[in-house]
Student: 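A single structure is presented below for examination.
No experiment lies behind these values; they were computed from the predicted model shown.
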Amino acid sequence: MKLLLLGAGGFIGSNLVEHLGAAGEHQLVGIDKSAEKLAGIAPANFRFVEADVAESHDAVEREIAAADVVVDLMAYANPSIYVETPLDVVRLNYDLNIAIVDACVRHGARLIQYSTSEVYGKPNGPTYREDESDLCLGPVEKQRWIYAAAKQLLERVIHAHGLAGDLDYTIVRPFNFIGPRVDYLVGPGTRGGPRVFAHFMSALLTGGPIQLVGGGEQRRSFTHIEDANTAFDAMLRHPDANRRVFNVGNPGNDTSIRGLAELMSRLYRDLTGEQPTSEVVEIGGEEFYGAGYEDSSRVPPDISRLRSLGWEPVHDLEATLRDAMEATLGSAEAAELVSDHRPG
């Protein structure tokens, strides 16, 4: 089978290339603007095309025409961008992605579209179920929700194509994947930017403040990237995955953000032998991300649909964080950050 991965150079994409490349079962083609996260990943069954999908229309069209399955990973997944440049978010997360949907329809390629758990918005039940939970977003003036709105509309159009009978698809709703190469590290006290794991890891490395947005009482369910990769295998292979939406997460790894900070601080001490010096501070959401930000707690995902395909997550929260932290501690980026920002 020939798989085309759009956004292959990102966090999820690079780990998926590594996973699928090691299996050696499929022909893989990846397209992205940068191969930085793919450094050292060069399986024999993988070909990388360095290109901007927004500009290289003919090249992308040719690759889609030659593919059996298109895996669309392209997205801005950064709350700072949602707040600062919401039009860019719509142009990538909807406009560019819907062009890929149309190309898959033209060429008869199956689409595996990575969406987001953020489409659920604010919690309105004990768990999130793919075809039962209402999708409840905040007001328009809180442009933080523009990412979720764009992804939700994309899902609805894909579903409509399925009803029309002209597209085979699977929609993936990831729940807080973490692992090697997740995001990027930042200097102490940085506001906005990457996701929470990278912020807390950066703080621990530099001794900077661990900033708890809104007091850190929000809850999230974290998923090991290796569990996400095996979930992809199940959705790719199983006939019951066609024209369905799947939560990919680990409800057993649900924690508050404050609890995440406490666990990461303990694991940092265990992994390095050093006592963390970072001070935990509370900060408002708009102060951290900018005007137009709104946050909410989340409830764990229901994953019974994915379990029906024979999949089960195997990494608990501590193992998930430990593996991600070990990978980050061993990276050149971490060494450079410590050199630049840590006294002594």
Student: State whether the side chain of Asn247 and the backbone N or O of Ile303 hold a donor-acceptor pair below 3.5 Å, judged by distance alone.
Tutor: no
Student: Atom NE2 of residue position His107 - does it have more than 12 heavy atoms of other residues, nucleotides or ligands inside 6.0 Å?
Tutor: yes
Student: Could you pull out all residues at least two apart from Lys142 that satisfy salt bridge (Lys or Arg N to Asp or Glu O under 4.0 Å)?
Tutor: Glu286
Student: Excluding sequence neighbours, so at least two apart, what forms salt bridge (Lys or Arg N to Asp or Glu O under 4.0 Å) with Arg156?
Tutor: none
Student: Which ILVMFWY residues can you reach from Tyr293 by hopping between side chains whose heavy atoms are under 4.5 Å apart?
Tutor: Val83, Val213, Ile283, Phe288, Tyr289
Student: Please list, chain by chain and in numerical order, all residues satisfying ring-ring contact (aromatic ring centres under 6.0 Å, His included) with Phe246, sequence neighbours excluded.
Tutor: none
Student: Any chance the side chains of Asp254 and Ser221 put a donor and an acceptor closer than 3.5 Å?
Tutor: yes
Student: Between Thr170 and Arg110, is any side-chain donor less than 3.5 angstrom from a side-chain acceptor?
Tutor: yes
Student: Answer yes or no: are there more than 12 heavy-atom neighbours, outside Asp58 itself, under 6.0 Å from its atom CG?
Tutor: no
Student: For Arg195, check side chain to side chain donor-acceptor pair (under 3.5 Å) against everything at least two apart and list the hits.
Tutor: Asp183
Student: Quick one: pull up CD in Glu25 and CE in Met1 and give me the separation to the nearest 0.5 Å.
Tutor: 7.5 Å
Student: Who are the side chain to side chain donor-acceptor pair (under 3.5 Å) partners of Ser265, not counting sequence neighbours?
Tutor: none
